[in-house]
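Since the structure comes first, as structure tokens, the remarks are kept for the end.
The figures here come from the full heavy-atom set of this structure, side chains too, leaving out hydrogens, waters and symmetry mates.
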Amino acid sequence: MDTKSINFPNQRNQNVVLRFLHLYIISYVYLFIFTSQFSPLEGIYKNGVLWLCKNVFHQKQVEYIKMTGSGDTTLDYWVVIVNIGLAAVAALVILLADKKQRTFKDLHWFTVVVARYYVAMIMLSYGFAKLHNGQFPANSIGRLEEKVGDMSPMGMVWTMMGASTGYTFISGLLETIGGLLLLFRRTKTFGALFSMTVMINVALLNFFYDVPVKIFSSHIVLFCVFIVSGDAIALYRFFVLHQPSQLRFQKRTSDKKWKRITLTGLKWLIVAFFILSSSSALFYTPPAVPMEGAYNVDKFIINNQEIPVNDSFGWKKILISYPGRTNIILNNDSTKVFQSVLDTGKKTLMLRKTDQQDIYAYLHYNIQKDSIIFTGIKGSDSIKIKTIRKKKEDYPLNKRGFHWINEYPFNK
């Protein structure tokens with residue numbers, strides 16, 4: 001029997017499905033990159049999606065909330081849905097218009113390059129931000145004074161990371177290594193696997209500690225999977241079947257020397273740009289906070305009369321955590337936030353409510369051996385406050401440090 005005359009009706013359909021999925025994934029990669037938070041087209045695209053939501057999908061409650069700090073707004077999820085639909089349409093159009101039934105290998109490889117550089121840029125920017133007081137700075141006095149039960153899950157993550165500069169540094173170093181490995185063809189597969197491992201942990205923290213970067217971090221993981229997908233069979237043979245295997249290596253096809261030099265120069269310009277733009281976080285120094293500390297009130301005297309601790313009118317703590325801001329915790333545990341001006345030369349602290357111009361309190365402070373005394377006026381009343389200062393290094397979370405040996409666990 002002539003095998004050439006045998007028809008396999010399902011094979012053609014299978015090839016069409018695979019080509020459609022291939023084009024769909026490629027289309028989605030570009031749509032996400034061109035509309036992500038790092039793209040100048042983000043605002044234009046989101047406004048377009050917002051119009052679709054209100055006029056086509058009749059989702060009147062959807063709003064474009066700018067400068068929210070969240071990448072998981074309702075509109076962000078609609079952007080993902082629209083991208084899924086547009087990617088499917090783009091893949092179908094290309095499939096129907098392609099009469100030659102090409103495999104689009106060159107387009108796939110080029111898209112892998114684009115995805116590599118995009119993920120590398122993200123990994124480097126977040127990695128450098130962790131290396132030196134960027135994304136997770138040391139915990140402020142306000143954070144150290146906050147009860148664990150009053151923290152948000154996201155605040156708990158920031159507290160955990162801020163409590164250990166070593167762990168934060170290693171986390172940033174791993175992200176930086178993953179980004180650097182992705183920049184080179186010979187290490188792209190290892191870089192994608194390395195970055196995917198790191199980012200899975202990040203994505204899990206985002207999901208289960210309610211950090212609103214779930215969509216973005218999940219896509220970085222998926223992009224790593226896409227980069228590795230071309231070597232999936234080789235990796236399966238090596239790691240699962242324990243068979244000899246070889247990763248594919250896409251060589252540059254430029255036949256002209258000047259083209260090769262131009263491409264190499266362009267590559268190193270991009271690498272230099274990524275590193276320089278991301279490394280600015282290494283030189284960030286948080287502003288100094290004069291007289292930073294938590295001042296526990298021992299005595300609160302107003303008009304020469306001591307206020308008892310059970311009187312909600314009295315002050316319980318004075319928290320100086322940030323430049324230009326001071327928090328007052330009353331005896332009933334409510335908190336008042338003030339704009340403040342602290343003059344270390346004159347040893348004065350001026351408090352003003354954030355929505356008012358009138359001075360709330362004007363205090364002089366006197367540093368004694370084991371206490372700090374504030375005296376001055378609050379409105380028309382004279383006040384005197386005796387406090388005990390607690391610095392950052394006085395908290396067990398900060399002063400415990402690293403120990404190789406623990407005869408007993410320090411767990412309290």
Taking all heavy atoms of [X] and all of [Y], pick out the closest pair and write down the distance.
X: E175; Y: V202; result: OE2-CG2, 3.8 Å
X: V228; Y: T189; result: CG2-O, 4.2 Å
X: N206; Y: S217; result: ND2-OG, 3.0 Å
X: M151; Y: E146; result: CA-OE2, 3.5 Å
X: F34; Y: L41; result: O-CB, 3.3 Å
X: A192; Y: L182; result: N-CD2, 3.5 Å

Is the distance between the ring centroids of Y118 and H219 under 6.0 Å? no
Side chains of [X] and [Y]: does their closest heavy-atom pair fall under 4.5 Å?
X: L174; Y: I170; result: yes
X: L263; Y: K267; result: no
X: Q59; Y: Q61; result: yes
X: M161; Y: Q135; result: no
X: I377; Y: I383; result: no
X: R116; Y: V114; result: no
X: F239; Y: S245; result: no
X: T176; Y: L131; result: yes

Check this for me, if you would: do K317 and D333 make a salt bridge, where the nitrogen-to-carboxylate-oxygen distance has to be below 4.0 angstrom? no
Are the charged groups of D98 and R19 less than 4.0 angstrom apart, N to O? yes
Are the side chain of [X] and the backbone N or O of [Y] linked by a donor-acceptor pair below 3.5 Å?
X: T348; Y: L363; result: no
X: S229; Y: F226; result: yes
X: N398; Y: K392; result: yes
X: D394; Y: K391; result: yes
X: S312; Y: N331; result: no
X: S334; Y: L330; result: no
X: R325; Y: Q339; result: no
X: S277; Y: F274; result: yes
X: D76; Y: T73; result: yes
X: D72; Y: V213; result: yes

Evaluate whether atom [atom1] of [X] has more than 12 neighbouring non-hydrogen atoms of other residues, nucleotides or ligands under 6.0 angstrom away.
X: F273; atom1: CZ; answer: no
X: Q305; atom1: CD; answer: no
X: F402; atom1: CZ; answer: yes
X: F104; atom1: CZ; answer: yes
X: K346; atom1: NZ; answer: no
X: D150; atom1: CG; answer: yes
X: K386; atom1: NZ; answer: no
X: I233; atom1: CD1; answer: no

Is there a side-chain contact (heavy atoms from CB on, under 4.5 Å) between L319 and T335? Walk through the geometry before answering. CA-CA 10 Å; L319 304 181; T335 301; over 6 Å; no
Check the orientation of [X] and [Y]. Use parallel for under 30°, tilted for 30 to 60°, and perpendicular for over 60°.
X: Y24; Y: F20; result: parallel
X: W315; Y: F300; result: tilted
X: Y295; Y: F374; result: perpendicular

Run the side-chain contact (heavy atoms from CB on, under 4.5 Å) check on M123 and V119 step by step: do they pass? CA-CA 6 Å; M123 298 297 289; V119 175; 3.9 Å; yes
Which of these passes side-chain contact (heavy atoms from CB on, under 4.5 Å) with M196: V221, I227, L222, I220? V221
From the list T326, I328, L351, N327, side-chain contact (heavy atoms from CB on, under 4.5 Å) partner of V337 resolves to N327
Between T387 and N296, is the side-chain contact (heavy atoms from CB on, under 4.5 Å) condition met? List the steps. CA-CA 5 Å; T387 66; N296 297 303; over 6 Å; no
For a quick check under 3.5 Å, do Y77 and K214 share a side-chain donor-acceptor pair by atom type? no
Please check if any side-chain donor atom of Y395 sits under 3.5 Å from a side-chain acceptor atom of E145, or the reverse. yes
State which residues pass side chain to side chain donor-acceptor pair (under 3.5 Å) with Y167; sequence neighbours excluded, sorted by chain then number. none
Look up atom CD1 in I261 and atom CG in L266, then write down how far apart they are to the nearest 0.5 Å. 13.5 Å
Distance col, row N366:CG vs I372:CD1, nearest 0.5 angstrom, shows 9.0 Å
Test side-chain contact (heavy atoms from CB on, under 4.5 Å) applied to [X] - qualifying residues, sequence neighbours left out:
X: V82; value: Y45, V49, L52, L86
X: Q246; value: none
X: T187; value: L181, F184
X: H403; value: R400, N406

side-chain contact (heavy atoms from CB on, under 4.5 Å) between F169 and F136, intermediate numbers included: CA-CA 10 Å; F169 179 85; F136 299 110; over 6 Å; no
For K54, the salt bridge (Lys or Arg N to Asp or Glu O under 4.0 Å) test, sequence neighbours excluded, returns E63
Show, in sequence, the C-alpha distance, side-chain angles and deciding distance for R352 and D358, and conclude whether the salt bridge (charged side-chain N to carboxylate O under 4.0 Å, His left out) test is met. CA-CA 6 Å; R352 180 184 288 116; D358 295 336; over 6 Å; no
Can D231 and K188 be said to form a salt bridge (charged side-chain N to carboxylate O under 4.0 Å, His left out), step by step? CA-CA 11 Å; D231 296 309; K188 70 174 179 63; 3.3 Å; yes
